Every structure is written in C-alpha cells, then in structure tokens.
S.K.: 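If you scroll down you'll find the structure; I have some questions about it.
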Amino acid sequence: MSRKMSNQEIARLLKGMAAAYQIKSDQQFRVKAYEEAAVSVEHATSSVKDLWDDGKLETLSGVGKSIASYLDELFRTGKVKHFEKVMGEFPPAMFEYLKIPGVGAKTAYKLTKELKITSSKGAINRLKKAAKVGAISQIKGFAEESEKAILEGLGEIGKRGKEGQRMNLPFAGELAKEMINYMKQCPHVKRIDPLGSMRRRVATVGDLDFGVATKKSKEVIEHFCRYPKIKEVAAAGGNTARIVTRDNRQIDLKTMSPNAYGALLQHYTGSKQHNIHLREIAQKKGLSLSEYGIKMGKKSVKKYDTEEKFYQELGMDWIPPELREDTGEIEAAQEHQLPKLVKFKEIKGDFHIHSNYPIEPSHDLGTASIKEIVTKARKMGYQYVGIAEHNPSISQHSDKQIIAILKRKKDVVEQFKSSNKKLVRSTYLFNGLEIDIRPDGSLAIPEEGFDYLDFAVVSIHSSFRQPRPKATKRVLSGLNHPKARILGHPTGRMIYQREGMEFDWDQIFDFCQKNNKWLEISAWPTRLDLPDHLVREAVKSGVKMVVNSDAHQLEEMDLMEYGVSVARRGWAQKKDIINTLSYNQIKKLLC
DNA sequence: GCCGTTTTCGGCCCGACTGTTTTCAGTCG
C-alpha cells in the first residue's frame, strides 16, 4: 500500500479484532491477546512498519507468530483476509463506536443492533442524533446516564487530535511541576509524585496523575480541588479526585497514608506490562499485589511505605521508573544487574545552542547573546558550552561570503574569550555550527569554512522521505568530515507531525562507534530524538551519545533534563553519554 | 493468541468505578 499505516491505526485494527472475538465467542484469552497486542502497538516507540522492515515484529510483547503473520500480510497487501472475515460478521459501525470513551465491544455492538445502524459512514453522527432525541435511553440496559455519557464521549472524539490528546514530555513535565509546587503549599502533603507515563518520563504523556502521601486525605483533596487553574471538579471521593483545568486537561490525584504509600506509587507508575509481569512473579510465590500492598495467602495486606521495600519483598532491586516497560528490567532487578542510569547532575556541558550571532542562516536564529549563554551555562554548573547556529544560507550567499561570515564569527568568539577570561575559565566556550546534510550527503558549507570551527553538529533539515539505503548513505557521508562530530536530532522525527527517517541503524551505529562520532539526544520538546528505543540499541552497540538542548532561547537550556530522561529510558549510563566528561577530557577529544 | 529456569500444554493481573441492577456487567487503567 502506498500510505504508511500509523501505529494508531494498526492498534485500532487489533482492538477491532478483540471486540469482534468478544462478541463472537467465549474465547476470552484470545480477546485478551488481541487487546494486549493492540496496547503494545499503540505504545511502541518505533513505527511498527519499521519493525516489520527489520523483521522484528515479534520483539513487540504480545505479538507472536499469528499476529506477526497477519501484520506481515497487512504491510504486503494492505489488508488481512482473516481480519476481514472475522470483523465482517459485524456491522462496520460497531468499530467506529469503539472510539468512544466508555464504550467497549458489548456496548458498541448493542448500539448498532438496537438502533439498526450498520454502515460505518455517518455512524458517529447517527448515534449523536439518536442520543439527542433520547433514543438510547430507551434501549434495555441503558438509561439517561448512559445516554449522557455517550454524548459526552462523542464530544471527546471531536476534541482529540488525530493521535489522541497526549502532550510531549517537556510540556507535561512543566505542568506537573506547577501542580507539585501548588500541592506542597498544603501542610498535610507529606510527599507528592507524578504517576504513570509522566513518572516513567515517556516521550508523550496523556493525562496527569499524582499520588500524595498524607494522613489527612480530606484536606489534601480539598486543597487539590481549589487549584487556581481549575475549570471543574469532575469527581471527588475520599481518596481520589479528578479535576479538569481551564485548558481541558484532566488531572487525577490519589491519596494514601504514608505507611502504605510505596504500593500506591508502584501500582500507578506502571507500566501496565511491568505490573502484569510483577504480579505473575508474585502469584507464583503465593503473593497478590495491589495498590494497597502485598497479600500473602489469606493473611491481611502487608503495607509498604516505600517502593524499595515493595520490590525487595518480591526479591528484586528497586527499579527506576524510566525502565518499567517490561523489557528486561525485572530480570535485571532480580539478578541485581540494573544499569546505573546517567543523571542530570552528571551533565557537564551542552553542545547545541543557537546564539543570536547574525550568521544569516536559512533556518531560525537564536535569541540569546553569546555572553548570556555562557553565563547561563555557568549558572547551571556546566564546565563547557558549545554554540552551534545553523549554517549561513547557501542560496543567499556565495562560498566566499560564507567563509567570511564564519571567519568573522570565530574572531568574535575569540574576542569574547579574551575579554571574559574569568567567565570562560569556569565555563569554556566551544565555537561550533549546525550544518545541514544536504540530500546528496554533502555538507552545506565550503571546505575552508571548517577551519574556523571547533566542531560541527550535522543534521538533516530537508528531504525526509528518502529511501532507506540512500538516507543511510547520506548520513554517513555527512558524518564523514573530521569536524563533524555530532549527528543532530538523528531521526528527524517531530512528535505528532512527522515520522522519523528510516536508516540502516546497524551501519550508522557501526560507523559512529569506529570513528568516534556521537549521536545527539535532542531535548527539544517535539523531537526527543534519538528516541529512547534507539538509545538502547545504540548503548548495546557501544555508540556514544551526547544530550543537547538545541536551545534557541536562554530558558530552553533548562530542557536538558528531558533529554537526560530519554537517555535514561534507553538504559544509558554515564559512560555512554559524552557530555558527562570533564572539560579536560572533552578538549582532548575535540582538538 | 501468547508465552515459558516449575510448562511446547495449560495457564493467562487486580481492583475501582459506573450505571444498572437486587448481585452484576462492562469499561478502564
């Protein structure tokens, strides 16, 4: 098929199969298998099509021989005969209704039958009309509340973007900080943590959830419900509450007494796959896990104030939330072999910051001066900082002009260094450039221009749709120059806007590893690129990476922490990240 | 349909919430 099918669409297809089987048969475990495969596809950090290209479909948990072969058929022919046969027994409208929050297989099927709607075309609108005239509440098993819920659910579909309304990690992270600061004003909040994908630092976060350790749940919930940015309190009970903010973000809060907080934190941090695996292990030991603690046989639930003790009870080390995806971390924790993940405070510099130096680029210029950048870097405790503006535009300048601009910039940097000796002694300034790798693999400045640079970040900013062999060759060619040390935002993905490029990663990893080239982990909110799963592959291949902010404004230098989160999710340790090296070490590598 | 240092057969996570119900079904995370 010509169009690349998104993970979201594939997940929907698998969910449809689960729903069909749910109605059709009592094979509840086959239903569960399809549902799990759907979730796995939905949460996959790489495109399933890419995995298929690489023959790695079965690395997705929950995708075995059968589903892999169906997906193979899907990618080869654009359809799956078996799926069409199974789902063909049901009105197509039913699969549309599955999109409605709160509507599952049974409800969706019942609606199509009772309302006699079959075609998927206009199914949503017809349902909306039925709800408005009160036809749904007339159906047995439904009443006013259900009808209202369906109407509200239908409204949700319209509001959501095509990929669902998830936020990128830095966006969600900043919202979470605001909430945490607000909640800490309440003296009864002993401890507060984000939960779920936010705590695991996934690149995209859905709703925000928080856990609070407190002995005074009522007061904490009340304080939560007085959050200044609130639009409405959607629900509030003894230990949980849900608010909706003015920008329509749903935020949940769950409280627990401090002596049982560890289990709550563990349970709601997930991931679901991680927890299921844990419970299976627990079950074999005769234990049962829940958000309240651990039940041993018929005895009462044992409580845990910390997660550490909870994991210890199961015979394993505490697992950093970033690793809790059931991709081997549980086994590693049992063997006491978990990696010592890189930390934000170990970062000693940032190599990708756009200053406002008038370099006349074709892409956007930064807004902060060189002095502001170095001063900020020093405040952040960095030992060094690299400025890397986009190269001067090639369409607007001759080679000669580009060389002149780069020479002048070097002069300005040298002048800055000599007139700010004290500052530069504590935080050294490297003079770099972010250079386009053009579609043919050449770099967008003339050879002589490199004489005026300490290093170059080379990146792709155009022609993202090249076939894999050509794209791979392009990157290797771009990295080939001795001054080209960093491959900027390697896949070029833009979260929710553009899929990453397809490369032969083994070739790229191999080249980087042998030639001392570094892959960037960009902390730029819509990039977070390399993505975490590729970070992990790179770590396995012994490739070094560098976490950069790609800041265009001064404050954006603070986004570095989110890049570190991506590195951590990719199991990266200090030794894998080049900008954890001291200035003296890095100087030797660059000069 | 998936999965495996108790298994290639025989298991498959746990609980809350909601709405509709007199004891539960469906959905969600």
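These figures come from a predicted structure and were not determined experimentally. In what follows, chains carry the letters A, B, and so on, assigned in the order in which the sequence lines appear, proteins first and then strands, with residues in each chain numbered from 1.
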S.K.: If I take atom NZ in residue A:Lys272 and atom P in nucleotide B:dG29, what distance separates them, rounded to the nearest angstrom?
M.R.: 9 Å
S.K.: Measure from CD1 on A:Ile276 to C1' on B:dG11 and round the result to the nearest Å.
M.R.: 15 Å
S.K.: Report which part of the nucleic acid A:His82 touches: base, sugar-phosphate, or nothing (heavy-atom distance under 4.0 Å, all strands).
M.R.: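 Here A:His82 touches the backbone only, sparing every base.
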S.K.: Counting only Watson-Crick or G-U wobble pairs whose two distances fall under 3.5 Å, which nucleotide matches B:dC17?
M.R.: B:dG26
S.K.: What interatomic distance, in whole Å, is found between P of B:dC17 and the corresponding atom of B:dC12?
M.R.: 26 Å
S.K.: Is A:Ala282 touching bases, backbone alone, or none of the nucleic acid, heavy atoms closer than 4.0 Å?
M.R.: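 The answer is nothing, as A:Ala282 stays clear of every strand by at least 4.0 Å.
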S.K.: Report the residue (A:Lys106 or A:Arg30) whose heavy-atom-nearest nucleotide on DNA chain B is the more 5′ of the two.
M.R.: A:Arg30
S.K.: Using nucleotides 2-6 of chain B, report all nitrogen or oxygen pairs with the protein that are shorter than 3.5 Å.
M.R.:
{"unit_1": "B:dC2", "atom_1": "OP1", "unit_2": "A:Gly64", "atom_2": "N", "d": "2.6"}
{"unit_1": "B:dC2", "atom_1": "OP1", "unit_2": "A:Gly64", "atom_2": "O", "d": "3.4"}
{"unit_1": "B:dC2", "atom_1": "OP1", "unit_2": "A:Ile67", "atom_2": "N", "d": "3.2"}
{"unit_1": "B:dC2", "atom_1": "OP2", "unit_2": "A:Ser66", "atom_2": "N", "d": "3.3"}
{"unit_1": "B:dC2", "atom_1": "OP2", "unit_2": "A:Ser66", "atom_2": "OG", "d": "3.4"}
{"unit_1": "B:dC3", "atom_1": "OP1", "unit_2": "A:Gly62", "atom_2": "N", "d": "3.0"}

S.K.: Would you name the heavy atoms of A:Ala241 and A:Cys225 that are closest together and state the gap between them?
M.R.: CB-SG, 4.3 Å
S.K.: Looking just at side-chain N and O atoms, do A:Asp317 and A:His336 make a donor-acceptor pair shorter than 3.5 Å?
M.R.: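 The answer is yes; a qualifying pair exists.
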S.K.: Between the side chains of A:Tyr268 and A:Asp252, does any donor sit under 3.5 Å from an acceptor?
M.R.: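 Side chains of A:Tyr268 and A:Asp252: no pair found under 3.5 Å.
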S.K.: Looking only at side chains, do A:Thr269 and A:Arg199 share a donor and an acceptor under 3.5 Å apart?
M.R.: yes
S.K.: Using a 4.0 Å heavy-atom cut-off, does A:Tyr70 contact any base of the nucleic acid, only the sugar-phosphate backbone, or nothing at all?
M.R.: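 Sugar-phosphate: the residue A:Tyr70, judged by heavy atoms under 4.0 Å, touches backbone atoms but no base.
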S.K.: Rounded to the nearest angstrom, tell me the gap between atom CD in A:Gln28 and atom P in B:dT27.
M.R.: 15 Å
S.K.: How many whole angstroms separate atom NZ of A:Lys32 from atom P of B:dG10?
M.R.: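 Rounded to whole Å, this separation is 18 Å.
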S.K.: B:dT18 and B:dT23: how far apart are their C1' atoms, nearest whole angstrom?
M.R.: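 Going atom to atom, C1' in each nucleotide, I get 15 Å.
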S.K.: Is the shortest side-chain N to carboxylate O distance from A:Lys15 to A:Glu35 below 4.0 Å?
M.R.: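 Salt bridge between A:Lys15 and A:Glu35, a charged N being under 4.0 Å from a carboxylate O: no.
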S.K.: Without hydrogens or angle criteria, can the side chains of A:Thr491 and A:Arg527 be said to hold a donor-acceptor pair below 3.5 Å?
M.R.: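 No, no side-chain donor-acceptor contact under 3.5 Å.
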S.K.: If you measure from the P atom in B:dT5 to the same atom in B:dG1, how many Å do you get, rounded?
M.R.: 23 Å
S.K.: Quick one, which residues of residues 251-260 of chain A touch DNA chain B with a heavy atom under 4.0 Å?
M.R.: none
S.K.: Take atom CD of A:Gln22 and atom C1' of B:dA25, then tell me their distance rounded to the nearest Å.
M.R.: 11 Å
S.K.: With sequence neighbours left out, write down each residue that passes side chain to side chain donor-acceptor pair (under 3.5 Å) with A:His223, or none if nothing qualifies.
M.R.: none
S.K.: Do the side chains of A:Glu178 and A:Lys229 get close enough for a salt bridge, i.e. N-O under 4.0 angstrom?
M.R.: yes
S.K.: Is A:Gln27 touching bases, backbone alone, or none of the nucleic acid, heavy atoms closer than 4.0 Å?
M.R.: nothing
S.K.: If we check side-chain contact (heavy atoms from CB on, under 4.5 Å) with A:Ile281, which of these qualifies: A:Lys285, A:Gln283, A:Lys284?
M.R.: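 It is A:Lys285; the other options fail the test.
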S.K.: Using atom P in both nucleotides, what's the gap between B:dA16 and B:dT22 to the nearest angstrom?
M.R.: 22 Å
S.K.: May I ask you to decide whether A:Lys190 forms a salt bridge with A:Glu219, counting only side-chain N to carboxylate O separations under 4.0 Å?
M.R.: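 So A:Lys190 does not pair with A:Glu219 through a salt bridge.
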S.K.: Polar-atom pairs under 3.5 Å, protein N or O versus N or O of nucleotides 14-17 of chain B: list them with distances, or write none.
M.R.:
{"unit_1": "B:dA16", "atom_1": "OP1", "unit_2": "A:Tyr292", "atom_2": "OH", "d": "3.0"}

S.K.: Please measure how far the P atom in B:dC28 lies from the corresponding atom in B:dT20, and state the result in whole Å.
M.R.: 16 Å
S.K.: All N/O contacts under 3.5 Å from nucleotides 19-22 of chain B to the protein, with atom names and distances to one decimal?
M.R.:
{"unit_1": "B:dG19", "atom_1": "OP1", "unit_2": "A:Glu145", "atom_2": "OE1", "d": "3.2"}
{"unit_1": "B:dG19", "atom_1": "O3'", "unit_2": "A:Ser146", "atom_2": "OG", "d": "3.1"}
{"unit_1": "B:dT20", "atom_1": "OP1", "unit_2": "A:Ala143", "atom_2": "N", "d": "2.5"}
{"unit_1": "B:dT20", "atom_1": "OP1", "unit_2": "A:Ala143", "atom_2": "O", "d": "3.3"}
{"unit_1": "B:dT20", "atom_1": "OP1", "unit_2": "A:Ser146", "atom_2": "N", "d": "3.4"}
{"unit_1": "B:dT20", "atom_1": "OP1", "unit_2": "A:Ser146", "atom_2": "OG", "d": "2.6"}

S.K.: In whole angstroms, how far is the C1' atom of B:dG29 from the CD atom of A:Glu325?
M.R.: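 It works out to 14 Å between those atoms.
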S.K.: Report yes or no: do A:Tyr261 and A:Glu307 form a side-chain donor-acceptor pair below 3.5 Å?
M.R.: no
S.K.: Under the side-chain contact (heavy atoms from CB on, under 4.5 Å) test against A:Lys295, which residue among A:Ser288, A:Ser290, A:Ser300 passes?
M.R.: A:Ser288
S.K.: At 4.0 Å (heavy atoms only), tell me whether A:Tyr34 reaches a base, stays on the sugar-phosphate, or touches nothing.
M.R.: sugar-phosphate
S.K.: Report which part of the nucleic acid A:Val31 touches: base, sugar-phosphate, or nothing (heavy-atom distance under 4.0 Å, all strands).
M.R.: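 Nothing, no heavy atom under 4.0 Å.
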S.K.: Give the rounded distance in Å between these two atoms: CG of A:Leu278 and P of B:dC12.
M.R.: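 Distance, rounded to whole Å: 17 Å.
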S.K.: Salt bridge check, A:Arg12 against A:Glu9: does any charged N sit closer than 4.0 Å to a carboxylate O?
M.R.: no
S.K.: If I pick the C1' atom on B:dT6 and the same atom on B:dG11, what distance separates them, to the nearest angstrom?
M.R.: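 To the nearest whole Å, 13 Å.
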S.K.: Please set out all donor-acceptor pairs under 3.5 angstrom arising from side-chain atoms of residues 103-121 of chain A, sequence neighbours excluded.
M.R.:
{"unit_1": "A:Lys110", "atom_1": "NZ", "unit_2": "A:Lys140", "atom_2": "O", "d": "3.1"}
{"unit_1": "A:Thr112", "atom_1": "OG1", "unit_2": "A:Tyr109", "atom_2": "O", "d": "2.7"}
{"unit_1": "A:Ser119", "atom_1": "OG", "unit_2": "A:Lys121", "atom_2": "N", "d": "3.0"}

S.K.: Please state the C1' separation for the pair B:dC2 and B:dT7 - nearest whole angstrom.
M.R.: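 Each nucleotide's C1' atom is 14 Å from the other's.
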S.K.: To the nearest Å, how far apart are A:Gln266 CD and B:dG29 P?
M.R.: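 Taking CD of A:Gln266 and P of B:dG29, I get 18 Å after rounding.
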S.K.: Are the charged groups of A:Arg536 and A:Asp532 less than 4.0 angstrom apart, N to O?
M.R.: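 No, this pair does not count.
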S.K.: For the CZ atom of A:Arg200 and the CD atom of A:Glu325, what is their distance to the nearest 0.5 Å?
M.R.: 4.5 Å
